[in-house]
Number of protein chains: 4
Amino acid sequence: MSDETTRMRARAAGIADPDVQLRRLTIGPRRRTEEVLAAAAAVFAERGFHGASTQDIADRLGMRQASLYYYFASKEAALEQVCQRGIERIIGDTEVIAAGPGSVAERLAMVMRRHVEPLADNCASVRAYLHEVRFLPKEARRRIGRLARRYERVVEGLLEQGIASGEVRADLDIEIARDAILGMCNHAAHWPGKEPGGAMAHVAEELIRLVLRGIATERPDVVAG
Amino acid sequence: MSDETTRMRARAAGIADPDVQLRRLTIGPRRRTEEVLAAAAAVFAERGFHGASTQDIADRLGMRQASLYYYFASKEAALEQVCQRGIERIIGDTEVIAAGPGSVAERLAMVMRRHVEPLADNCASVRAYLHEVRFLPKEARRRIGRLARRYERVVEGLLEQGIASGEVRADLDIEIARDAILGMCNHAAHWPGKEPGGAMAHVAEELIRLVLRGIATERPDVVAG
Amino acid sequence: MSDETTRMRARAAGIADPDVQLRRLTIGPRRRTEEVLAAAAAVFAERGFHGASTQDIADRLGMRQASLYYYFASKEAALEQVCQRGIERIIGDTEVIAAGPGSVAERLAMVMRRHVEPLADNCASVRAYLHEVRFLPKEARRRIGRLARRYERVVEGLLEQGIASGEVRADLDIEIARDAILGMCNHAAHWPGKEPGGAMAHVAEELIRLVLRGIATERPDVVAG
Amino acid sequence: MSDETTRMRARAAGIADPDVQLRRLTIGPRRRTEEVLAAAAAVFAERGFHGASTQDIADRLGMRQASLYYYFASKEAALEQVCQRGIERIIGDTEVIAAGPGSVAERLAMVMRRHVEPLADNCASVRAYLHEVRFLPKEARRRIGRLARRYERVVEGLLEQGIASGEVRADLDIEIARDAILGMCNHAAHWPGKEPGGAMAHVAEELIRLVLRGIATERPDVVAG
DNA sequence: TATGAATGAGATTTCATTCAT
DNA sequence: TATGAATGAAATCTCATTCAT
């Protein structure tokens, strides 16, 4: 009875199950953990943390609910790991980029591209991070918050550099500008209809142009793009 | 026993109960419905739709949980009504403003102010609308979507007018700009720490300046603020 | 809000409401009570006692749930009154018929006709009585049982007379025969597809023939029909 | 506290709990599912589908109410499985009997005996089937209906054969006769007071005699019993 | 590495009923 | 005669989690 139920669920979730058994034998243990977290991320992103059940996650994996607990200690722990992957994905190599060569405008543009990219790819952990961090217990939220802060520093740093170099107008409120930029980029997560690839790239470039003009000093020749 | 339980809950939720009996007699029936929806909005905004229980709502009202169902048919129906109030609050009189006098920049600035205001006031229905609409069943989502579309039209219309009049640069992708603007404004909902009043007003003005510069043609004298 | 709800319900239940107000003023008080019990009977018959809600009854009347309690003291009390009407409808004038003229076969045939008739008419109180008496509290069940017993006596009496007169074979177990006859007749309630009128009358005659032959002595000429 | 509650309930329901733990280890998994359905059948038969609560079922099993949902997906699903067992119990080997040797009268008598037997044994699933199928959702009712149809065909088939062979009078309306026979047999379910064994067997034989005489041609020597 | 069986807590929702008006 | 507002109790069902295997 339970057996049939599981298979039905797996099928309903659009998961092929024939080779699951096989895969289990052929790939390493870490990989499976990653799969589980990816499934959790997908479900959290789609239904929200509280709207998602561990059963949903298990279904997506062709696994029983109870088995999940081999991979994470609790649903909340799973969310924390998902969020960590999400924010890490956003941070990516932006710190390296920001510290690298190029004008502030160029570097900020690259950072923004990196931010919108995973959303364009519909990256579940990033989406889950954006909407669901707030449901993490305080302690975990603080841990994730420390990572998020690093990313905020990247953008702030660029804006500060821009002001110092004259590329960015001096009257800009850096914190607000930073939040505005992040808000605009994050908002890209709300366009579920946009397919990845060309369209989203266009969106990113348009956003970048908007921002660069918005923050630039009155020397249009400075503006990239 | 149940009675004590309720009182405990009400107290735990920080609600004074002594005059509840009185209030029931003194205020009209419509009002009570509004109170219930306000409580629902607050709870949905704070904990998310799925994270909020109807018990939480009842507690906030000093009411028994079953009694809520006198006012709404289901939790989802409550969410729809909350969301409707949220989007209506955002729309507000923006259509009138947009159709009114003044330059595009001035009118867009006013519209943005109106958008950020309720978030600054921590308006629960608006916050609930922004984060929780997506959990409405399809049919309801469509109904709310129709309202949201009206607001989007307001912003689009202004941008179009701006392009026509030369105030806004012609190469702007209107849809993207519209989403960017809304995204930035909505993002204000993510600053729960900001107290209302001066600070948020400052934020709004800064955002407005950013946007106006971002979309303006290269004639700085046109830009407001 | 509640008002709209009620109208929606009334409409959904296929009840015209425009003249309800009028009717209330024009017809006597007893009548209204009968209407309420008829509605209760219909709902009990259709959904079973426990499956029927007082709301269902109110809907059918275009009335609010609370108003029902003006007409009956409790749902169980309503069921008792419905059942009483049901069994009384079955008893009808069968006692008179049984005491009247004609052969046993003729009189039994008439009694059976009277039994099947209300089922053919889809008489709600009779259907409700047959299926739902068992959910009455003991005391009420006993009261109704006394009435039912009267009807059983009618059939038993006819069978006894038949044996005495030689019309019915002497080896017949009267109690069993009585139950068999009632069982067959009651079973007519299970044919919801049969429209009233000719078809059901045909069914009744066929049942009568079956029974009369079944109980008759080996003198086929005695058998009616 | 909950623990005591359960024990109290189990005791109140007349269930011994000491060896429950033991039983769990000693009997196979399929068995447990059967036990659960048997308990459901008993409760449905006794109180009606809507009058029975899942708590009642759990009590009878010494199980927590939530645990039932491991064995069935919903109360309605449980009813469907119960009804299936009920109608299957009635069908039993009647198709084999009907296709076997012997006169139509002999075979019909055996079929009727098989029908009344489970009712005499107070078989819960059969009683539940008879009274509660109507509360199944349409789709399920159709599924069960297909099985019921098979049984009806058995009786119809015998009557047709009887007419063909001259054992049964040709003017008999087969559908009505079939329903009358089933109705009479089913009605045996309404005698809850009758203890199994001799008494019910006597009832069955009496019913059979009634029916056979009722349907027979005017050649009394043909009639069995 | 994964599962079957079960559970405690709690969720939403329904229901019969009450009572002041 | 009927209703609006509310309630206590209970119903069905879901969920995260545990634990022996």
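Naming convention: chains lettered A, B, ... in sequence-line order (proteins, then strands); numbering from 1 in each chain.
Of the side-chain N and O atoms in B/Ser67, one or more sit less than 4.0 angstrom from OP1 or OP2 of F/dT7.
Residues meeting the salt bridge (Lys or Arg N to Asp or Glu O under 4.0 Å) test with C/Arg141, sequence neighbours left out: none. Residues passing the side-chain hydrogen bond (donor to acceptor under 3.5 Å, both in side chains) test with A/Gln65 are A/Thr54, A/Gln55, sequence neighbours excluded. Judged as a side chain to side chain contact (heavy atoms under 4.5 Å, CB included), and not counting sequence neighbours, the contacts of C/Glu80 are C/Leu136, C/Ala140, C/Arg143, C/Ile144. In this structure, A/Tyr70 has no ring-ring contact (aromatic ring centres under 6.0 Å, His included) partners at least two apart in sequence or on a different chain.
Regarding C/Phe135, its CZ atom lies at a distance of 14 Å from the P atom of E/dA16, rounded to whole Å. Residue D/Arg32 contributes atom CZ, which lies 13 Å from atom C1' of E/dG4 at whole-angstrom precision. What separates CZ of B/Arg64 from C1' of F/dG8 is a distance of 9 Å, to the nearest Å. Regarding B/Leu61, its CG atom lies at a distance of 15 Å from the C1' atom of F/dT7, rounded to whole Å. E/dT1 atom P lies 14 Å from atom CZ of A/Arg31, rounded to whole Å. For the pair A/Tyr70 OH and F/dT21 P, the interatomic distance rounds to 19 Å; values are reported in whole Å. E/dT13 atom P lies 12 Å from atom CG of B/Leu79, rounded to whole Å.
To the nearest 0.5 Å, the span separating CD1 on D/Ile57 from CE on D/Met63 amounts to 11.0 Å. Expressed to the nearest 0.5 Å, how far CG of B/Asp59 lies from CZ of B/Arg64 amounts to 10.5 Å. Once rounded to the nearest 0.5 Å, the distance linking CZ of A/Arg134 with OH of A/Tyr129 reads 13.5 Å.
Of the two residues near DNA chain F, B/Leu68 and C/Leu68, the one whose nearest nucleotide lies more 5' is C/Leu68.
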What would the secondary structure line of DNA chain E be in dot-bracket form, counting Watson-Crick and G-U wobble pairs under 3.5 Å, with [ ] for pairs that cross earlier ones and | for pairs with another strand? .||||||||||||||||||||
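The pair D/Glu34-D/Arg31 fails the salt-bridge criterion, with no side-chain N (NZ, NE, NH1 or NH2) lying under 4.0 Å from an Asp/Glu carboxylate O.
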Enumerate, atom names and distances included, each donor-acceptor pair closer than 3.5 Å involving a side-chain atom of residues 43-50 of chain A, sequence neighbours excluded.
unit_1	atom_1	unit_2	atom_2	d
A/Glu46	OE1	A/Arg60	NH2	3.3
A/Arg47	NH1	A/Asp56	OD1	3.3
A/Arg47	NH1	A/Asp56	OD2	3.2

Going 5' to 3' through nucleotides 11-16 of chain F and flagging B where a protein heavy-atom sits under 4.0 Å of the base, S where only the sugar-phosphate is that close, and - otherwise, we get SBBBSB
